[in-house]
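Since the structure is predicted, the reported quantities are computational estimates derived from the model, not experimental observations. Every number for a ligand or one of its atoms is a count from 1 in the order of the listing.
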Amino acid sequence: MSSSRRIAILASGAGSNMAAIAQACEQAVIPASIGLIISNVPNAGVLGRAKDLRLPHCCIDHRQFENREAFEDAMLLKLRGASIDFVVLAGFMRILTDCFIREYYGSLLNIHPSLLPKYPGLNTHQRALDAGDRETGATVHYVIPELDAGPTIVQGKVPILPEDDAESLAARVQVQEHAIYPQAVRWCLEKKVELRDGKVWKDPSFMDDGETRTGANANNGTRA
Ligand code: GRF
């Protein structure tokens with residue numbers, strides 16, 4: 001489906017969230033098209049998947065740049081060139097500067113593999129296990145300059161089972177990610193959810209059809 005809204009997805013890993021969002025665009029569940037996929041990792045799985053799906057993609061290797069700003073300038077150039085108006089971070093393992101965030105503020109989402117505000121940062125699944133938590137999950141939030149601290153749009157919860165390790169938990173959480181991330185992008189693009197005065201605003205007519213989901217059956221965030 002073609003749409004005037006154009007999404008970019010920034011990813012560093014396997015790209016399963018990218019694929020879930022791309023599928024939702026393809027099926028017109030999300031009223032937008034994928035305008036560009038950028039990875040900072042030359043051999044990342046996400047680039048192979050983008051190629052297989054015939055989606056526009058490129059690699060911008062952060063190691064080729066002198067500093068964070070120069071790397072981001074290169075990305076911004078590509079994003080502007082592709083007329084991108086909404087940016088989705090899907091396992092993108094670079095911290096973004098205020099300058100980049102300002103450019104897409106309110107149209108910039110991230111997914112984090114924990115029930116924020118619990119466990120911002122790294123090794124979220126192991127930390128949930130070590131703490132003896134009985135549930136964990138994933139959070140989709142607007143991106144603000146403070147890492148993993150932006151206002152929450154939706155969370156997906158999963159139980160932690162006695163036999164779980166970080167890997168099994170990650171896999172179970174990722175199933176939730178693939179459900180809640182396309183949903184959150186859809187809400188934002190339909191303007192049912194907006195970032196207003198630093199808070200999540202929801203359309204008054206917007207009935208909660210799963211702001212917090214629970215499910216059974218991910219990968220850990222490691223942004224540098
Ligand atoms: C996801 O689990 C996300 O929560 C974390 O990185 C992972 C990316 O996985 N930030 P994928 O590349 O989308 O498969």
On the 0 to 90° scale, with breaks at 30° and 60°, tag the Phe71-His62 ring pair as parallel, tilted or perpendicular.
-> perpendicular
Going by atom types alone, do Glu163 and Ser168 pair a side-chain donor with an acceptor below 3.5 Å?
-> no
Classify the side-chain pair Asp133/Tyr119 by whether it contains a donor and acceptor separated by less than 3.5 Å.
-> yes
Any idea which of His178, His125, His112, Glu177 brings a heavy atom closest to atom 2 (O) of ligand 1?
-> Glu177
Does Asp61 come within less than 4.0 Å of Arg63, counting only side-chain N to carboxylate O?
-> yes
Please say whether Ala14 places an N or O atom under 3.5 Å from an N or O atom belonging to ligand 1.
-> yes
So is Ala138 in contact with ligand 1, going by heavy-atom distances below 4.0 Å?
-> no
List every atom of ligand 1 that sits less than 4.0 Å from any heavy atom of Gly15, numbering the atoms from 1 in the order shown and giving each element.
-> 11 (P), 12 (O), 13 (O), 14 (O)
Under 4.0 Å between a Lys/Arg side-chain N and an Asp/Glu carboxylate O for Glu72 and Arg68?
-> no
Which of the numbered atoms in ligand 1 are below 4.0 angstrom from a heavy atom of Met93?
-> 6 (O)
Which atoms from ligand 1 have a heavy atom of Pro113 less than 4.0 Å away?
-> 4 (O), 10 (N)
Heavy-atom side-chain contact between Ile111 and Phe92 under 4.5 Å | no
Is there a heavy atom of Ile111 sitting under 4.0 angstrom from any atom of ligand 1?
-> yes
Met18 to ligand 1: N or O pair under 3.5 Å?
-> no
